[in-house]
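To keep things clear, I will list the structure first and then write my remarks on it.
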There are 2 protein chains.
Amino acid sequence: MKINQPANRGRGRPLAFDPTQALDAAMRVFWLKGYEGTSLSDLTGAMRINKPSLYARFDDKRALFLAAIEHYVATIGAPNVQKLLEGKTVRETIAGYFSTITAALTSADSPPGCLIGSVATDLAGRDEEIRELVANLVSSTEAFLTQRFKELGDAPMDEQTLAEAVVSFAQSLAARARLGATQSDLNARADRFLSVLLGTDGPVS
Amino acid sequence: MKINQPANRGRGRPLAFDPTQALDAAMRVFWLKGYEGTSLSDLTGAMRINKPSLYARFDDKRALFLAAIEHYVATIGAPNVQKLLEGKTVRETIAGYFSTITAALTSADSPPGCLIGSVATDLAGRDEEIRELVANLVSSTEAFLTQRFKELGDAPMDEQTLAEAVVSFAQSLAARARLGATQSDLNARADRFLSVLLGTDGPVS
DNA sequence: CCTTAATTGTACCTTTCCGTACAAAAATTC
DNA sequence: GAATTTTTGTACGGAAAGGTACAATTAAGG
């Protein structure tokens with residue numbers, strides 16, 4: 001959480017906007033339009049602030065994008081991963097994960113797909129810092145899943161291998177969603193994939 | 001193949017550049033920099049032509065991007081898919097496919113990852129024509145694989161389901177490559193995934 | 001060799017890009 | 001309530017964006 005906080009302890013004119021709301025709006029613009037495809041007018045328009053406010057709070061366009069990724073992880077990614085703890089079996093955990101993310105990837109009030117899986121991953125090809133950040137996010141997710149599978153103890157194969165397969169498939173779901181797949185498309189695919197992974201015992205959703 | 005051909009039957013001043021080479025150069029720029037991230041100067045610089053020549057031959061930036069996708073399919077995608085016909089078993093076919101694409105995704109003289117899987121898929125979120133084009137490419141690949149699996153006859157599960165799993169994993173390999181994974185990283189992942197899919201009988205590469 | 005057809009290079013156009021200067025406004029501190 | 005601190009809105013910069021006009025150039029056709 002950088003968000004250029006000048007230690008506003010009460011002095012001076014108060015902020016006329018909610019930084020978190022503004023950041024959320026910026027995130028959605030980047031999510032739809034991509035990094036270079038998003039202009040400062042796009043941003044200030046959606047955030048309902050003007051440029052000096054944007055620069056005072058978020059430094060510049062690139063820093064704002066980094067903050068938007070962080071915000072995405074905090075508000076969308078992490079909660080979805082936390083839900084993994086609800087599953088009592090490996091199958092339940094994976095099915096729940098897939099069903100959670102197919103909903104997020106096709107949500108009506110967000111752009112299609114995943115900010116990180118599409119926009120940031122594209123940018124990663126030409127921005128080293130982004131590349132490392134996103135690669136670490138993916139690794140962490142795999143590590144978290146691996147750990148959880150070990151705790152549950154009923155994985156029918158090496159937990160790391162299973163986690164890799166699950167996260168890889170999740171990445172492909174993000175791509176499909178970006179390409180216009182509906183939630184039920186994705187759920188049907190997830191069902192079939194789950195049956196390949198663990199045998200056929202029931203639907204995801 | 002659109003490539004604004006004014007039926008150059010010999011009249012007028014001859015072209016001073018090779019359109020296919022120029023298109024190939026443009027493809028690589030888009031591949032690295034993304035669609036909006038690529039400027040006309042980037043393009044004319046890499047293609048070694050000036051703007052009027054670019055516009056005469058390729059209409060505009062967006063049409064050039066579409067031509068670049070077509071060129072990518074023709075020179076990289078289709079040949080990789082054609083290699084599928086060499087495999088004598090389902091396992092051989094899948095292993096060969098993974099090993100072919102991990103090489104392509106990490107080739108030293110190309111940008112990392114896949115033009116279509118990263119750049120075009122990102123753009124698909126805000127460009128309907130691109131979205132449909134890319135979605136059809138993915139579907140065709142799945143259909144081709146399904147067909148091939150049926151011909152081979154030794155798939156241990158529904159061929160369509162298997163093809164979906166394979167193409168989905170291929171999409172995730174493209175994302176990982178964009179995030180900096182090496183060829184051996186990807187091959188190791190592919191090995192593990194193949195063992196999950198078909199049981200453990202040998203390495204991909 | 002003159003006309004016609006096509007491409008080339010330069011120079012230019014308008015718009016938009018990202019970023020900032022600056023004065024007015026709104027709060028706190030003394 | 002004057003001084004101080006911070007944010008706001010407007011307005012402006014220089015650079016780069018995508019795209020085109022136009023004259024010069026190079027070929028084939030007659």
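Note: hydrogens, waters and symmetry copies are ignored here, and every other heavy atom, side chains too, is used. Order of the sequence lines sets the chain letters (A, B, ...), proteins ahead of strands, with each chain counted from 1.
- Closest contact between the side chain of P52(B) and the listed nucleotides dG19(D), dA21(D), dT10(D) involves dA21(D).
- For K33(A), the salt bridge (charged side-chain N to carboxylate O under 4.0 Å, His left out) partners two or more places apart in sequence, or in a different chain, are D42(A).
- Comparing dC17(C), dG19(D), dT10(C) by their nearest atom to the side chain of N50(B) picks out dT10(C).
- Not a single donor-acceptor contact under 3.5 angstrom links the side-chain atoms of K61(B) to the base of dG18(D).
- Taking atom OH of residue Y35(A) and atom C1' of nucleotide dC17(C), one finds them 12 Å apart after rounding to whole Å.
- Residues satisfying the salt bridge (charged side-chain N to carboxylate O under 4.0 Å, His left out) criterion with D24(B), sequence neighbours excluded, are R28(B).
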Expected rows: protein N/O vs nucleotides 23-26 of chain D N/O, under 3.5 Å:
from    : atom 1 : to     : atom 2 : distance (Å)
dT25(D) : O2     : R13(B) : NH1    : 3.2
dT26(D) : O2     : R13(B) : N      : 3.2

Table please: side-chain donor-acceptor pairs of residues 175-182 of chain B below 3.5 Å, with sequence neighbours left out.
from    : atom 1 : to      : atom 2 : distance (Å)
R176(B) : NE     : Q171(A) : OE1    : 2.9
R176(B) : NH1    : E142(A) : OE2    : 3.0
R176(B) : NH2    : E142(A) : OE2    : 2.7
R176(B) : NH2    : S168(A) : OG     : 3.4
R176(B) : NH2    : Q171(A) : OE1    : 3.3
R178(B) : NE     : D122(A) : O      : 3.1
R178(B) : NH1    : W31(B)  : O      : 2.9
R178(B) : NH1    : P112(B) : O      : 2.9
R178(B) : NH2    : D122(A) : O      : 3.0
R178(B) : NH2    : D122(A) : OD1    : 3.1
R178(B) : NH2    : W31(B)  : O      : 3.1
R178(B) : NH2    : L32(B)  : O      : 3.4
T182(B) : OG1    : S184(B) : OG     : 3.3
T182(B) : OG1    : D185(B) : N      : 3.1
T182(B) : OG1    : D185(B) : OD2    : 3.3

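- Taking for each of A16(B) and T38(A) the nucleotide of DNA chain C with the nearest heavy atom, the 5'-most of the two is the partner of A16(B).
- In terms of phosphate contacts, R57(B) brings a side-chain nitrogen or oxygen within less than 4.0 Å of OP1 or OP2 of dT7(C).
- If you run side chain to side chain contact (heavy atoms under 4.5 Å, CB included) between Y72(B) and each of V119(B), I116(B), L137(B), only I116(B) comes through.
- Within the structure, the salt bridge (Lys or Arg N to Asp or Glu O under 4.0 Å) test picks out the following pairs touching residues 159-168 of chain A (sequence neighbours left out): E164(A)-R189(B), E164(A)-R192(B).
- By the salt bridge (charged side-chain N to carboxylate O under 4.0 Å, His left out) test, E86(B) pairs with no residue at all, sequence neighbours left out.
- Here the nucleotide nearest the side chain of R11(B), chosen from dG29(D), dC18(C), dT7(C), is dG29(D).
- E129(B) is linked by a salt bridge (charged side-chain N to carboxylate O under 4.0 Å, His left out) to R62(B), counting only residues two or more places apart in sequence or in another chain.
- Considering only side-chain N and O atoms, S39(B) lies nowhere under 4.0 angstrom from the phosphate OP1 or OP2 of dA16(D).
- With sequence neighbours excluded, no residue forms a ring pair (Phe, Tyr, Trp, His ring centres under 6.0 Å) with F149(B).
- No donor-acceptor pair under 3.5 Å is formed between the side chain of S107(B) and the backbone N or O of A104(B).
- Here dG9(D) presents its P atom at 11 Å from CG of L15(A), a figure rounded to the nearest Å.
- For F193(A), the ring pair (Phe, Tyr, Trp, His ring centres under 6.0 Å) partners at least two apart in sequence or on another chain are F169(A).
- Taking five base pairs at each end of the helix from dC1(C)-dG30(D) to dC30(C)-dG1(D), the local helix axes there meet at an angle of 0°, rounded to 10°.
- Atom-to-atom, CG of D59(B) to P of dT7(C) comes out at 12 Å; the value is rounded to the nearest Å.
- For residues 40-47 of chain B, proximity to DNA chain D is found at L40(B), S41(B), defined as any non-hydrogen atom under 4.0 angstrom from a strand atom.
- Partners of T106(A) under the side-chain hydrogen bond (donor to acceptor under 3.5 Å, both in side chains) rule, at least two apart in sequence or in another chain, do not exist in this structure.
- Look at OH on Y55(B): it is 17 Å from C1' on dC22(D), rounded to the nearest Å.
- Distance CG (L54(B)) to C1' (dT7(C)): 13 Å, rounded to an integer number of Å.
- Take the nearest nucleotide of DNA chain C for K51(B) and for F17(B): the residue whose nucleotide is more 5' is F17(B).
- The side chain of S53(B) places no N or O atom within less than 4.0 Å of a non-bridging phosphate oxygen (OP1 or OP2) of dT7(C).
- Whole-Å rounding puts the E36(A) CD to dA16(D) C1' distance at 14 Å.
- Rounded to a whole Å, the NZ atom of K33(A) is 12 Å from the P atom of dT16(C).
- Checked by atom type and distance alone, the side chain of K61(B) pairs as donor or acceptor with a backbone atom of Y35(B) at under 3.5 Å.
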